Every structure is written in C-alpha cells, then in structure tokens.
Amino acid sequence: MRPLEQQTILITGATDGLGRALAAELAAQGATLLIHGRDDGRGRETTEDIRAKSGNDKLQWLRADLASLEEVRAVADEVLSEHERLDALVNNAGIGTTLPGNGQRMESREGYELRFAVNYLAGYLLTRLCIPLLERSAPARIVSVSSAGQAPIDFDDVMLRRRYNGVQAYCQSKLAQVMFTFDLAEELEGYGVTATCLHPGSYMPTKMVRAAGVEPVTPLEQGVRATLRLVADPELEGVTGAYFDGLHEAAPHPQAYDPDARRRLRQLSDELSGL
C-alpha cells in the first residue's frame, strides 16, 4: 500500500458532513483529493477551506448532480482523462429519508426513484466506470458509506410506485450498496482492488440527520475514524467483501447474502445505468 501522500482519492458528497470531514483529514495527511459535490459555490468554498487549513494544494473540485446518470458519466470521464491513478473511491454521497421532497416520492433525471438513484445507482455507475483505473492503480480500495438502516428490495416494485415510504426508500438503497460491495469483492478478487462498506455511526450531526428531526447520537469524529480506517489503514490491506458497523465487522440484512437477489440487482443496475 502506498503512503497517503502518494495516493489519489475520490470522495463523493464531500462538501458537507462526513464526506467533508473525511476529506479534511485525508488532505491533512497529504493525499491528492478529488472532492465531489453538486453545488459549485459550496464546492469551491469547501476546497479552499480544506486547502487553507491543511496546506495541501493537491485538491480538485468535481461537480456533478448524482440525480443525473449523464452527469455521473461526465465526472467519471473527467477523472479518467485527468488522472493516471485512483487509489481509493469513497461512495459517500447520499440523501436521507425526508429531504429533498419532505417525505414525498421524487424521481431522478432518468425517472428512477430518487433515493435509489442517488444513494445507490449513481455510485454503482461511477464505480463501474472507474474500475479499470482502480485496477491499474492496485492495490486500491472501494469504500461505500452505507447504513445499519437496511430494508429488503422488493424486485416487483423497486421504484416504490405502488406504496412509497421515505424510510423504505432510504433503507433499500443502503442495502443495495452492501449487496453491490459483496458482488464487487467476488468480481475483483485477484485484481488487487478491495471492496468494503460500513455504517459509520448512528445519527451523526449531519444535515441529513437534522432534516429528519433526529437528535444526533454518534460524534462526527467517530464516523470519520471508522471510514478513514477502511480507506487508508494498512492493517486492512486485502480485506474485502465485508460490512462494518463502526470499527467492527458485522452482519448486514440477510438479503445481502442471497446470490439470486444480488444477481437480480446487478442485472437491473446494468439495465438502468445503460451499461
């Protein structure tokens, strides 16, 4: 594993909450950081703030709205064309149970249920497009920020058109991330690229949690520590296909272990993302 100051790391959703705090920590340790978000003003403010505090000039701002698969493809093209290596991809961006939409069902640019599209499908497509670069940079890591809040996917109504519930939408998107992680680990075995995912903490003080009207429980620093460990801890070299609850490996929802469910999700994801 290369020292952090020689690594290039892409973090999605890095202008707020866990993503921003993780980016600040990695910048302070000298990594080249690709900082993603969907708002140019907030993105440039985040990048300048991290640069000023860390003294690290190796920062690049990447703008893309993950509710658009076209924009996901564009940002992947930008990464692939401008960087010779990618040592870690952190799929952190996500939306919660209430905002946007105040609990109402919303759709992405392509007409997919918004939480499934942003929390899972965008990361699926971005990861798939970046795999060749990750393989060339091996050893490399794919880390997805999931949640202990997981709900099984009903393949007869993945887009929740019949009966929408924001909690179900969020929780099924988070289980989909775990299922994808387990698939990736098997697929990339022997290529020097590992895939792990985690629940970083319960109700950290983030915009998502406050919007849901929930009192924060886990300090943000605790979530950063757990995520940073999967991204950069040399002791986890080679660890793959694992879901962590904080610092400890844990068991996700049983559907994550169902090979038929994972196959159906993979086929659906390829179809929806146009792969």
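Start at 1 with the first residue, then count along the sequence. Please read these numbers as outputs of a predicted model, since none were measured by experiment.
- Using a 4.5 Å heavy-atom cutoff, the side chains of Arg115 and Pro100 are in contact.
- Enclosure of atom CD in Glu235 is not indicated, since only 12 or fewer non-hydrogen atoms of other residues, nucleotides or ligands lie within 6.0 angstrom.
- Note on ring orientation: taking the six-membered ring where Trp is involved, the planes of His36 and Trp61 are parallel (angle under 30°, cut-offs 30° and 60°).
- At least one side-chain heavy atom of Gln255 sits under 4.5 Å from a side-chain heavy atom of Ile153.
- Among all heavy-atom pairs drawn from Ala122 and Leu69, the shortest one is CA-CD2, 4.2 Å.
- Heavy-atom minimum distance, Ser108 versus Ala67: CB-O, 3.3 Å.
- A donor-acceptor pair shorter than 3.5 Å cannot be found between the side chains of Thr15 and Asp39.
- Atom CG of Leu175 sits about 9.5 Å away from atom OH of Tyr243, to the nearest 0.5 Å.
- Of the possible polar contacts, one joining the Asp87 side chain to the Thr8 backbone as a donor-acceptor pair under 3.5 Å is found.
- Listed by first and then second residue, the salt bridge (Lys or Arg N to Asp or Glu O under 4.0 Å) pairs involving residues 127-156 are Arg128-Glu187, Arg141-Glu237, Asp154-Arg162 (not counting sequence neighbours).
- Ion pairing between a basic and an acidic side chain is recognised when a charged N comes within 4.0 Å of a carboxylate O; Arg73 and Asp77 show no such pairing.
- Not one N or O on the side chain of Asn92 forms a donor-acceptor pair closer than 3.5 Å with the backbone of Ala14.
- Note: Phe116 CZ to Leu160 CG = 9.5 Å, rounded to the nearest 0.5 Å.
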Determine, step by step, whether Glu45 and Arg42 satisfy the salt bridge (charged side-chain N to carboxylate O under 4.0 Å, His left out) criterion, reporting the C-alpha distance in whole Å, the side-chain angles of both residues, the deciding distance to 0.1 Å, and the verdict. CA-CA 5 Å; Glu45 181 272 322; Arg42 200 159 68 230; over 6 Å; no
Please step through side chain to side chain contact (heavy atoms under 4.5 Å, CB included) for the pair Arg20 and Asp49, ending with a clear verdict. CA-CA 10 Å; Arg20 180 167 178 155; Asp49 181 62; 3.3 Å; yes
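- Nearest heavy atom pair, residue Arg266 against residue Tyr124, reads O-OH, 3.7 Å.
- Taking the side chain as every heavy atom from C-beta outward, Gln7 and Met1 approach each other to under 4.5 Å.
- Between Glu48 and Arg51 there is a salt bridge, since at least one side-chain N of the basic residue sits less than 4.0 Å from a carboxylate O of the acidic one.
- A side-chain contact (heavy atoms from CB on, under 4.5 Å) with Tyr164 holds for exactly one of Gln104, Arg105, Met106; it is Arg105.
- Here Leu133 contributes atom CG and Leu80 contributes atom CG; the two are 5.5 Å apart, rounded to the nearest 0.5 Å.
- To the nearest 0.5 Å, atoms CD1 (Ile35) and CD1 (Ile11) are separated by 7.0 Å.
- Pairing each heavy atom of Leu247 with each of Arg229, the nearest pair is O-NH1, 3.1 Å.
- For the atom pair OG of Ser173 and CD1 of Ile95, the computed distance is 8.0 Å after rounding to the nearest 0.5 Å.
- Between Gln177 and Cys197 there is no side-chain heavy-atom pair separated by less than 4.5 Å.
- Thr97 places no side-chain N or O within 3.5 Å of a backbone atom of Tyr170 that could act as its donor or acceptor partner.
- Judged by distance alone, with hydrogens and angles left aside, the side-chain atoms of Lys174 form a donor-acceptor pair with the main-chain N or O of Val145 at under 3.5 Å.
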Could you give me the CA-CA distance, side-chain angles and deciding distance for Leu18 and Leu220, then say whether side chain to side chain contact (heavy atoms under 4.5 Å, CB included) is met? CA-CA 7 Å; Leu18 176 68; Leu220 188 62; 4.3 Å; yes
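- The two atoms that bring Gly241 and Phe182 nearest to each other are O-CE1, 3.5 Å, heavy atoms only.
- Val167 and Val178 are members of different hydrophobic clusters when ILVMFWY side chains are connected at heavy-atom separations under 4.5 Å.
- Of the N and O atoms on the side chains of Asn91 and Tyr120, not one donor lies less than 3.5 Å from an acceptor on the other residue.
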If you apply the rule side chain to side chain contact (heavy atoms under 4.5 Å, CB included), what do you find for Leu228 with Gln29, and how did you get there? CA-CA 11 Å; Leu228 180 66; Gln29 296 188 39; 3.9 Å; yes
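- Side chain of Glu249 to backbone of Ala242: no donor-acceptor contact under 3.5 angstrom is found.
- Leu121 has its side chain within reach of Leu272: a pair of non-hydrogen atoms, C-beta onward, lies under 4.5 Å apart.
- Put simply, the side chain of Glu221 does not reach to within 4.5 Å of the side chain of Arg225, judged on heavy atoms.
- Counting non-hydrogen atoms of other residues, nucleotides and ligands closer than 6.0 Å to NZ of Lys53 gives a total of 12 or fewer.
- To the nearest 0.5 Å, atoms CG (Leu86) and CG (Leu134) are separated by 4.5 Å.
- Contacts of Tyr191 classified as ring pair (Phe, Tyr, Trp, His ring centres under 6.0 Å), with partners at least two apart in sequence or in another chain: none.
- In this structure the side chain of Arg44 reaches within 4.5 angstrom of the side chain of Asp40, judged on heavy atoms.
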What verdict does the side chain to side chain contact (heavy atoms under 4.5 Å, CB included) test give for Leu34 and His83, after you've listed the backbone C-alpha separation in whole Å, the side-chain angles of each residue and the deciding distance to 0.1 Å? CA-CA 10 Å; Leu34 312 183; His83 295 275; 3.4 Å; yes
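- Under a hydrophobic-cluster definition in which Ile, Leu, Val, Met, Phe, Trp and Tyr are linked whenever side-chain heavy atoms come within less than 4.5 Å, directly or via other members, Val239 and Val90 are assigned to the same cluster.
- The shortest side-chain heavy-atom distance between Val143 and Leu198 falls under the 4.5 Å cut-off.
- Under the 3.5 Å distance criterion, the side-chain polar atoms of Thr194 are left unmatched by any main-chain donor or acceptor of Gly238.
- Checking side-chain atoms of Gln168 against main-chain N and O of Ala151 turns up no donor-acceptor pair under 3.5 Å.
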Step by step, would you call Glu71 with Arg38 a salt bridge (charged side-chain N to carboxylate O under 4.0 Å, His left out)? CA-CA 10 Å; Glu71 293 193 25; Arg38 64 184 176 88; over 6 Å; no
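- The shortest heavy-atom contact between Ala64 and Val75 is CB-CB, 3.9 Å.
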